[in-house]
Peer 1: 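Handing you a structure now.
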Amino acid sequence: LVAVAGDLALNGPDPAGTIDLLRTMEADGAAIVSGNTDIAVADFDYAAAFPWFTDGVPDAHRAAAEWAHDELGGERVAWLRRLPAERRLLADDGTMILVTHASPGSQTAGFDQSLDPTVVIERVAGTDARVIACGHTHLPEVRDLGWKMIVNDGSAGYIFDGEPSASWARIDVADDEVTAEIQRTEF
């Protein structure tokens, strides 16, 4: 199964081509969720997309969202709007996997690497899923908490870790055992 954890069309040279590819992947069974930047692109709801900008969203963010919106056109924007914020998947052995952008119940409160451990526990407690597959921070990471695993695939195109390659995660579930690792692809 392929899962895509949001932030689909804001930063990149070809938002329409990206959405067309994702729609094809979805038709082939991929689980795709919306990210915070997708809210900005689809609806210009900058307060929902970027709540940390308490003094107003920078003009560059607004301009990028408006450009991507115009590049997508009505049909692709409608597809972006209908994406869920989360998807729950069951592996063959019954292990639940939550695909979300930032954390259970939020497209903007992620699992930053410097986050206080008590906040991490509070956020993972928001779901019964054993595996939380997410993005938002654009930093690849696997965090095994014992009873839950957070898998952040990083980013394929808007990379924050300084590596020039796209990152993605592979999660294997078998007989109630979960393993995950970050992979890199050079383009």
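Side chains included, hydrogens not; waters and symmetry mates left out as well; all remaining heavy atoms used.
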Peer 1: Closest approach of A9 and D38, non-hydrogen atoms and distance?
Peer 2: N-OD1, 3.6 Å
Peer 1: Stepwise, does the side chain to side chain contact (heavy atoms under 4.5 Å, CB included) test hold for R87 with T100?
Peer 2: CA-CA 7 Å; R87 297 275 310 267; T100 185; over 6 Å; no
Peer 1: Answer with yes or no whether the hydrophobic clustering places I19 together with M25; edges join I, L, V, M, F, W, Y residues whose side-chain heavy atoms lie under 4.5 Å apart.
Peer 2: yes
Peer 1: Can you tell me if D112 and S114 form a side-chain donor-acceptor pair at under 3.5 Å?
Peer 2: no
Peer 1: Any side-chain heavy atom of M96 within less than 4.5 Å of one from L89?
Peer 2: no
Peer 1: Give the minimum heavy-atom separation between D93 and A174, together with the two atoms involved.
Peer 2: OD2-C, 3.8 Å
Peer 1: How far apart are the closest heavy atoms of V33 and A5, and which atoms are they?
Peer 2: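 That closest heavy-atom pairing would be CG2-CA, 3.6 Å.
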Peer 1: Is a donor on one side and an acceptor on the other found under 3.5 Å between the side chain of H138 and the backbone of G154?
Peer 2: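 Answer holds: no.
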Peer 1: Does R82 form a salt bridge (Lys or Arg N to Asp or Glu O under 4.0 Å) with E75? I'd like the steps, not just the answer.
Peer 2: CA-CA 11 Å; R82 77 154 181 79; E75 183 183 345; over 6 Å; no
Peer 1: Hey, any chance L115 and L145 share a hydrophobic cluster, counting ILVMFWY side chains that come within less than 4.5 Å of each other, even indirectly?
Peer 2: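 Yes.
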Peer 1: Evaluate R76 against D20 for salt bridge (Lys or Arg N to Asp or Glu O under 4.0 Å), listing each step before the verdict.
Peer 2: CA-CA 8 Å; R76 290 182 191 98; D20 290 344; 2.7 Å; yes
Peer 1: Between D43 and D45, is there a donor-acceptor pair closer than 3.5 Å when you use the side chain of the first and the backbone of the second?
Peer 2: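 The answer is no, because no donor-acceptor pair under 3.5 Å joins these two groups.
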Peer 1: Step by step, work out the side chain to side chain donor-acceptor pair (under 3.5 Å) result for T137 and N152.
Peer 2: CA-CA 8 Å; T137 66; N152 187 324; 2.8 Å; yes
Peer 1: Counting only heavy atoms not in D116, do more than 12 fall under 6.0 Å of its CG?
Peer 2: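 Enclosed: over 12 neighbouring heavy atoms sit under 6.0 Å from CG of D116.
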Peer 1: Is the number of heavy atoms from other residues, nucleotides or ligands under 6.0 Å of D92 CG greater than 12?
Peer 2: no
Peer 1: Could you see if L83 belongs to whatever hydrophobic cluster contains L21? Use Ile, Leu, Val, Met, Phe, Trp, Tyr and a side-chain cutoff under 4.5 Å.
Peer 2: yes
Peer 1: Ignoring hydrogens, what is the shortest heavy-atom contact between A180 and M149? Give both atom names and the distance.
Peer 2: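 Between these two residues, the closest heavy atoms are CB-SD, 3.7 Å.
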Peer 1: Mind listing the closest non-hydrogen atom pair of G29 and L1 along with its distance?
Peer 2: O-CD1, 3.4 Å
Peer 1: Hey, are the side chains of V120 and R143 touching, using non-hydrogen atoms and a 4.5 Å cut-off?
Peer 2: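 The answer is yes; the side chains approach within 4.5 Å.
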Peer 1: Is there a path from W52 to F44 through hydrophobic residues (I, L, V, M, F, W, Y) whose side chains come within less than 4.5 Å of each other?
Peer 2: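 They do share one cluster, since a chain of ILVMFWY contacts under 4.5 Å joins W52 to F44.
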Peer 1: Is there side-chain contact between F111 and V124, with at least one heavy-atom pair below 4.5 Å?
Peer 2: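 Side-chain contact under 4.5 Å: yes.
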Peer 1: Between the main-chain N or O of I182 and the side-chain N or O of R170, is there a donor-acceptor pair closer than 3.5 Å?
Peer 2: no
Peer 1: Say whether, by atom type as modelled, one donor and one acceptor occur between the side chain of K148 and the main chain of I132 under 3.5 angstrom.
Peer 2: no
Peer 1: Measuring from atom CD1 of I171 to atom OG1 of T95, what distance do you get when rounded to the nearest 0.5 angstrom?
Peer 2: 11.0 Å
Peer 1: Applying the 4.5 Å side-chain criterion to the ILVMFWY set and letting contacts propagate, would L10 and V77 be lumped into a single cluster?
Peer 2: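 As far as the 4.5 Å side-chain criterion goes, V77 and L10 are connected within one cluster.
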Peer 1: The test is side chain to side chain contact (heavy atoms under 4.5 Å, CB included); show your working for E26 and L22 and say whether it passes.
Peer 2: CA-CA 6 Å; E26 182 185 51; L22 290 168; over 6 Å; no
Peer 1: Any chance you could lay out the side chain to side chain contact (heavy atoms under 4.5 Å, CB included) test for C134 and I150, step after step, and finish with the verdict?
Peer 2: CA-CA 7 Å; C134 60; I150 303 165; 3.9 Å; yes
Peer 1: Is R23 close to I32 at the side-chain level, that is, under 4.5 Å between some pair of heavy atoms?
Peer 2: no
Peer 1: Is the shortest side-chain heavy-atom distance between R88 and I97 below 4.5 Å?
Peer 2: no
Peer 1: Is it true that the side chains of S167 and D153 contain a donor and an acceptor less than 3.5 Å apart?
Peer 2: no
Peer 1: Among side-chain atoms of H136 and D7, is any donor-acceptor pair under 3.5 angstrom?
Peer 2: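 No, no side-chain donor-acceptor contact under 3.5 Å.
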Peer 1: Would you please classify the geometry between the Y46 ring and the F50 ring as parallel, tilted or perpendicular, with 30° and 60° separating the classes?
Peer 2: parallel
Peer 1: Between atom CD of E177 and atom CG of D172, what is the distance when rounded to the nearest 0.5 Å?
Peer 2: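 Output value for this atom pair is 10.0 Å.
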Peer 1: Measure from the side-chain N and O atoms of E71 to the backbone N and O of D14, and report whether any donor-acceptor pair falls under 3.5 Å.
Peer 2: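 Not a single qualifying donor-acceptor pair exists.
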Peer 1: For residues R130 and V178, report the shortest heavy-atom separation together with the two atoms involved.
Peer 2: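 Heavy-atom minimum between the residues: CG-CG2, 4.1 Å.
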Peer 1: Hey, are the side chains of L98 and V131 touching, using non-hydrogen atoms and a 4.5 Å cut-off?
Peer 2: no
Peer 1: Does I39 reach the side chain of Q107, with side-chain heavy atoms less than 4.5 Å apart?
Peer 2: yes
Peer 1: Under the side chain to side chain contact (heavy atoms under 4.5 Å, CB included) rule, what do R184 and W168 come out as? Steps first, then yes or no, please.
Peer 2: CA-CA 6 Å; R184 295 273 182 186; W168 54 280; over 6 Å; no
Peer 1: Does H101 reach the main-chain N or O of S34 with its side chain, forming a donor-acceptor pair under 3.5 Å?
Peer 2: no
